[in-house]
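Let me begin by presenting the structure, written as structure tokens, before commenting on it.
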2 protein chains.
Amino acid sequence: MDLRRLRYFVAVAEARSVGKAAERLRMAQPPLSVQIRKLEAEIGAPLFRRGTRGMDLTEAGQALFARAGEALALAADGAEAARAVAAGRRGRISVGYMFVLANAVLPRLIPELRRSIPGVDLDFAELSASTREARLLDRSVTVALCMPAIHHPEIQVARIGAQLFMLAMPIRSPLARLGSVPMARLQGRPLIALPRPDQDPASSAVTALLRRHQIVMPVAGRVETVHSAMSLVLAGEGLAILPACAQLGAPRGIVFRRLRDATDSIDVAVCWRRDSHSPLIRTFLKCAEKVVARL
Amino acid sequence: MDLRRLRYFVAVAEARSVGKAAERLRMAQPPLSVQIRKLEAEIGAPLFRRGTRGMDLTEAGQALFARAGEALALAADGAEAARAVAAGRRGRISVGYMFVLANAVLPRLIPELRRSIPGVDLDFAELSASTREARLLDRSVTVALCMPAIHHPEIQVARIGAQLFMLAMPIRSPLARLGSVPMARLQGRPLIALPRPDQDPASSAVTALLRRHQIVMPVAGRVETVHSAMSLVLAGEGLAILPACAQLGAPRGIVFRRLRDATDSIDVAVCWRRDSHSPLIRTFLKCAEKVVARL
DNA sequence: CATTGGCATACCGAAAGAATATGGGTTGGC
DNA sequence: GCCAACCCATATTCTTTCGGTATGCCAATG
């Protein structure tokens with residue numbers, strides 16, 4: 001059973017005439033006549049009654065006709081759906097984000113995305129520093145909003161912004177009275193650190209920053225997330241050096257101050273698999289750039 | 001869009017491999033590979049991700065796959081439905097019948113038909129003597145149960161039985177005391193007749209019967225239907241000569257008696273268009289013969 | 001009886017399909 | 001680290017199928 005034959009059959013059934021149908025199909029009448037007879041041979045029964053004034057569906061022909069139109073429509077729809085997905089007009093995109101960025105980015109990013117890709121299903125998933133790579137590689141997320149970027153041969157990165165490192169402290173801390181804190185004032189103070197530098201690029205950036213200024217801060221605690229760090233800071237266990245955007249999720253009682261002579265920052269990036277060629281990724285990137293630019 | 005390509009596509013998507021799919025399709029691997037690429041060219045986007053261990057649907061491919069299976073099934077189902085209709089396993093048949101036969105035939109015919117052609121939609125329509133030909137010719141009924149048969153070059157007839165002509169009279173008529181009525185006793189009595197013999201073959205059969213026995217019966221009334229005739233008989237307007245099966249629909253107060261020396265009868269027949277080749281007609285004929293044989 | 005309108009058949013050139021042979025890239029074993 | 005195995009892609013050739021033109025057949029019409 002061939003879709004071409006089915007299309008011809010439908011045309012003849014609708015035109016109730018081989019000649020008329022051939023005209024509409026922009027082909028000659030004889031080959032159409034041949035195709036119809038081949039279809040009848042394939043079915044094993046006449047589909048048309050040949051009269052002197054044209055052709056007319058038999059009962060068997062009516063049974064086929066009832067389904068043929070639908071089958072044609074479904075095939076065409078399938079092709080169109082595939083094209084739409086490939087062009088980014090339809091489909092789904094699963095967006096992973098790291099929680100530090102959630103408060104700063106998502107409230108503006110989500111409406112922006114819905115406006116840009118209205119036919120697309122959106123899906124969000126929080127990523128941890130330790131799983132984000134795997135989630136991209138196994139395609140359980142399409143793109144990841146990361147801080148900092150992921151480095152991996154299979155993963156493509158687009159830097160879309162940066163966040164300054166700031167000092168987070170309890171509001172009652174004497175340093176909080178300063179508008180910005182000179183690096184020297186950190187010397188010897190306890191630090192609430194993120195995971196070991198070899199496991200967490202953010203942490204290694206902080207380590208590098210301190211080393212560059214020849215500051216030593218004893219590690220008073222090591223935690224997994226920025227939020228845990230802020231909890232310990234609030235509890236008076238020490239200070240933390242965190243990306244500026246963490247302020248937005250900070251509990252009351254925590255204040256952030258610039259580090260006077262350090263302009264170190266951490267990249268905000270969009271990451272995706274190199275072999276994901278969905279145009280949705282480009283669109284997502286545009287939206288994310290726009291939102292992060294106004295951070 | 002070609003069904004073959006769609007079928008190949010589904011096979012490759014399910015096997016997640018061109019080679020495996022080719023094996024299942026009993027063809028070589030290269031032409032299948034070519035067809036898949038042609039389909040991708042037609043869609044304008046890759047449908048598979050080529051890995052080192054086989055192929056995997058892209059998002060666009062998934063969108064197509066979701067509809068392709070259904071389209072294939074629908075096309076196959078259409079072909080099968082057409083075959084089923086052609087073979088008489090499915091379909092519909094519209095049965096016309098003349099009302100005189102209804103009481104005698106339908107109660108046994110309908111269950112017989114439902115048993116014989118369970119997948120078929122049945123449809124019944126009462127026919128009048130004047131419209132039965134037209135209803136067959138315009139296909140608004142597929143077969144007609146007629147008494148007597150229709151004669152027309154486009155219409156095929158199968159005689160399936162006959163009904164004896166009997167005399168219908170009021171129960172209080174003196175003739176009713178006889179077991180059967182000699183023809184001679186009809187001489188001069190008023191007759192309730194059906195339409196003019198040139199318009200109604202049943203009527204012309206009665207006329208011939210009387211003429212052959214040299215009986216003259218003045219026409220006391222001419223009516224369209226057997227039932228009207230019986231009403232007038234009951235009202236005492238005259239006698240009627242009617243097919244035996246009319247007894248089953250006769251009102252109380254009417255009795256039927258054999259005509260002692262007349263064995264004239266009227267044919268019961270199944271009629272259909274010569275160009276209707278539905279096997280359902282044969283089946284219908286079998287059922288009708290069986291039922292009428294036991295009348 | 002000729003003309004017209006409609007479908008079917010015959011035949012030919014063009015296009016598409018399938019098979020065989022082969023290339024290239026990746027994986028996994030020795 | 002090299003070689004064999006595996007899998008998909010490409011090239012070439014042969015066959016099938018398709019579409020076009022020319023023509024035939026039949027019925028209806030005047």
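Naming convention: chains lettered A, B, ... in sequence-line order (proteins, then strands); numbering from 1 in each chain.
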Results of salt bridge (Lys or Arg N to Asp or Glu O under 4.0 Å) for Arg83(A) - residues two or more places apart only | Glu80(A)
In residues 8-18 of chain B, which ones come under 4.0 Å of DNA chain D, going by heavy atoms?
-> Ser17(B), Val18(B)
Would you tabulate the side-chain donor-acceptor contacts of residues 11-28 of chain A under 3.5 Å, counting partners in other chains and residues two or more places apart, or write 'none'?
unit_1, atom_1, unit_2, atom_2, d
Arg16(A), NH2, Asp56(A), OD2, 3.4
Ser17(A), OG, Gly19(A), N, 3.3
Ser17(A), OG, Lys20(A), N, 3.0

Atom-pair distance (CE on Met27(B); C1' on dT15(D)), nearest Å = 14 Å
Not counting sequence neighbours, which residues clear salt bridge (Lys or Arg N to Asp or Glu O under 4.0 Å) with Asp267(B)? List them please.
-> Arg159(B)
If a pair satisfies ring-ring contact (aromatic ring centres under 6.0 Å, His included) and one of its residues is in residues 13-46 of chain A, list it, with sequence neighbours excluded.
-> none
Non-neighbouring partners of Arg49(B) that pass salt bridge (Lys or Arg N to Asp or Glu O under 4.0 Å), sequence neighbours left out | Glu59(B)
Say whether, by atom type as modelled, one donor and one acceptor occur between the side chain of Thr207(A) and the main chain of Ser203(A) under 3.5 angstrom.
-> yes
Which whole-number value in Å describes the distance from Gln29(B) CD to dA11(D) P?
-> 14 Å
Strand-adjacent residues in residues 33-65 of chain A, judged by heavy atoms under 4.0 Å from DNA chain D = Gln35(A), Lys38(A), Thr52(A)
Can you list every pair that meets ring-ring contact (aromatic ring centres under 6.0 Å, His included) and has a residue in residues 29-64 of chain A, with sequence neighbours left out?
-> Phe9(A)-Phe48(A)
Between dT17(D) and Arg4(A), is there an OP1 or OP2 to side-chain N/O distance shorter than 4.0 Å?
-> no
So the ring-ring contact (aromatic ring centres under 6.0 Å, His included) pairs with at least one residue in residues 49-80 of chain B (sequence neighbours excluded) are none
Check: residues 144-155 of chain B side-chain donor-acceptor pairs under 3.5 Å, at least two apart:
unit_1, atom_1, unit_2, atom_2, d
His152(B), ND1, Glu154(B), N, 3.0

By salt bridge (Lys or Arg N to Asp or Glu O under 4.0 Å), Arg37(A) pairs with (sequence neighbours left out) none
Could you tell me from which nucleotide to which nucleotide of DNA chain C, 5' to 3', there is an atom under 4.0 Å from chain A heavy atoms?
-> dG5(C) to dT9(C)
Leu32(A) CG to dG19(D) P, straight-line distance once rounded to whole Å | 9 Å
